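In what follows, a single structure is set out as structure tokens and then discussed.
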Amino acid sequence: MAREGLGLEITELRLGLPGEPKSLVSINKNEKKRMFSEIDGNGDNEKKSNTGGNLKTTESKAQVVGWPPVCSYRKKNSMNETTKMYVKVSMDGAPFLRKIDLGMHKGYSELALALEKLFGCYGMGEALKDPENCEHVPIYEDKEGDWMLVGDVPWEMFMESCKRLRIMKRSDAWQIEKTYIEIDEIKEKNV
Amino acid sequence: MNYFPDEVIEHIFEYVGSHRDRNALSLVCRSWYRIERCTREKVFIGNCYSITPERLIQRFPSLKSLTLKGKPHFADFSLVPHGWGGFVYPWIEALAKGKVALEELRLKRMVVSDESLELLSRAFPNFKSLVLVSCEEFTTDGLAAIAANCKWLRELDLQENEVDDHKGQWLSCFPDSCTSLVSLNFACLKGEINTGVLERLVARSPNLKSLRLNRSVPLDALQRILARAPQLVDLGVGSLVHDPAMETFAKLMTTMNKCKSITSLSGFLEVTPRCLTAMYPILPKLTSLNLSYAAGIPGSDLIKLIRHCKKLQRLWIMDSIGDKGLGVVANTCKELQELRVFPSDNIGQHAAVTEKGLVAISMGCPKLHSLLYFCHQMTNAALITVAKNCPNFIRFRLAILDATKPDPDTNQPLDEGFGAIVQSCRRLRRLSLSGQLTDKVFLYIGMYAEQLEMLSIAFAGESDKGMLYVLNGCKKLRKLEIRDCPFGNTALLTDVGKYETMRSLWMSSCEVTVGACKVLAMKMPRLNVEIFNENEPADCEPDDVQKVEKMYLYRTLAGKRKDAPEYVWTL
């Protein structure tokens, strides 16, 4: 977990709530890592713009571990069977996509095995532990449309937020990162 | 009483069943302690690390039934990392060594290996009843051992466990000579079962009263099974999906008409809503209905069902029923005592559940005493009304999906609403809070919640005062669990003796530091103060000023436990 001040990334796993951190209490102002934030009462479903040097505030859904307090067994088993957790998986260079049922797997290691079987790309398990050094990197698109590295958040949270998977070649990853950096630079210039 | 011979006192004690009463008896005098301990057959241990199995066996030589709980409650919400503990094997091993004539074992939130199930099945010739709730690590191989070896098995009840299904034929392992089953619940198993084997098992179990199937049992098999067990009292339907053969459906309806004793219904893990009409013959007699896993039933069908359930005492349902549906419940189920409304995934596709539903229930169901309610919003006015209408609450658990949401009408915190609940419900034993809350709600809780035993707090409060109000005021507090609240060292350390009167305290993402936990551990040797350290490397000593991410402390006579994983530090 990042220990710096208000430079918290949206995508970072936090045990507190997202939204603009406003301290409700008289805690030591230097302990910024522990802010009890309020979700803004209005505009919950609108994305706030990046102006005014504000943090990128997230819309609506809190990605908080363990809230609402539904036990993990129930979470996994109360889904309508017609909306099973099938997500598309694409692999760079493969001629067609596959589908995988996230609900069938108990954790990242099982997922890695399943992906390896589907595409014959070995080393997926290692990729999850050490993304820097592997040829293939698994990434996923979350509910907010961002592409994230697989493996950072708890498994249950990943299952809930993953919309699709992609197995990227390491070389491609650099390309995309470069593009994002360029986009950010352009945004900064325009602010 | 001193002039009665022991046999007379023993006989009188036979009529005293509850654990609390028995505990009270044992404190009266030495001879009552002795008589009580020699005659006690059932023991409940709320925290498996509070005592060693050896000590238990020594005190209660007549032990026949043991209930054990392992992980802390917040483990249900993924707050306890994997491998924390709660292993049952040492207990079973000790019971076997001590030649305990074990007949019943009930476990909750424990780690149960196949090895332990195998030992259990072989070491206790009179073993009759196994109940596993929210446990993990075992597979169908372990179940096969139980089925094969427990000659007098009456009850095998698996609730909400994570079971690895090895697709073996565990059901076939019940020998033909096994005819003693009273209760069989395997709803949580994911794999296929041999329906022929199941039918034959049911056919040779004349005492079978409770049967809960998993989703692999199709409609035609359900009909055949029910035809062989018209004496059932509790039925869990796994799958009720449309069968193209119309006669099967008609047969099922006829069979349901013959099941005159069913008062409890659950399941519907897979369901085609129009098949629910097959259940209509039994609805008027139902006292317990659990549709909380029936994600395939839309709100409109839920409402249609409920209209027939005039005798319901317990209802577990998903929020797809909506406020309107809860109004129907309020008008229909006048005997309702327990209600649980769970959140479904279909956000936006149906009417939400809000404070309106709860108010309607409180007006229509005066006998309500137990509530678990997930909703989109709550108001102070609604809570005040509910408190007035239902003063008999024993359990009141409210979970607003947006954890810090204030009263949407007034934009105020929900302090006054919960305050009204604790003031009105003098018998309240369990309370879970949510919504925007200041220290004031804790002042009310400390002042009025005299019978409160368990309190769950999340994202609430403003200062240490909040936690102190509770610790000072709630004399009967046994379990306190807190997450993401601004309670710190002062609150933790002001009254250290209090924790020996409680089973446990959980604090995560609060303001407590390592140093304070060390002080507490030093002052209170009969507490285990555990800190979970998931991010730092195992050998890295944390700074005293560092905030503790997760702390779990509990009173114990067993000392520091030896099975803690690397990330747990017992101070």
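All values below were derived from every heavy atom in this structure, side-chain atoms included, with hydrogens, water molecules and symmetry-related copies excluded. This structure is a prediction, so every number in the text was calculated from the model and none was measured. First the proteins, then the strands, lettered A, B, ... as listed; each starts at 1.
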Chain A contact via [X] - side chain, backbone, both or neither, heavy atoms under 4.5 Å:
X        : result
B:Ile400 : backbone
B:Ser432 : neither
B:Phe74  : neither
B:Asn161 : backbone

Least distance between heavy atoms, A:Ser72 atom then B:Ser78 atom: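 For A:Ser72 versus B:Ser78, the nearest heavy atoms are CB-OG, 4.4 Å.
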
To the nearest 0.5 Å, how far apart are CZ in A:Arg74 and CE in B:Met318? 7.5 Å

Most contact-rich option vs chain A, by heavy-atom pairs under 4.5 angstrom, among B:Ala458, B:Ser434, B:Ser292, B:Ala399, is B:Ser292

For A:Trp155 and A:Phe158, take the angle between the two ring planes, folded into 0 to 90°, and tell me which bin it lands in: parallel under 30, tilted 30 to 60, perpendicular over 60.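 A:Trp155 vs A:Phe158 ring planes: tilted.
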
Side chains of A:Leu102 and A:Tyr86: closer than 4.5 Å at any heavy-atom pair?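 No, too far: nothing below the 4.5 Å cut-off.
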
Any side-chain heavy-atom pair of A:Asn77 and B:Leu269 under 4.5 Å: no

Under 4.5 Å from a heavy atom of chain B, the part of A:Lys76 involved: side chain

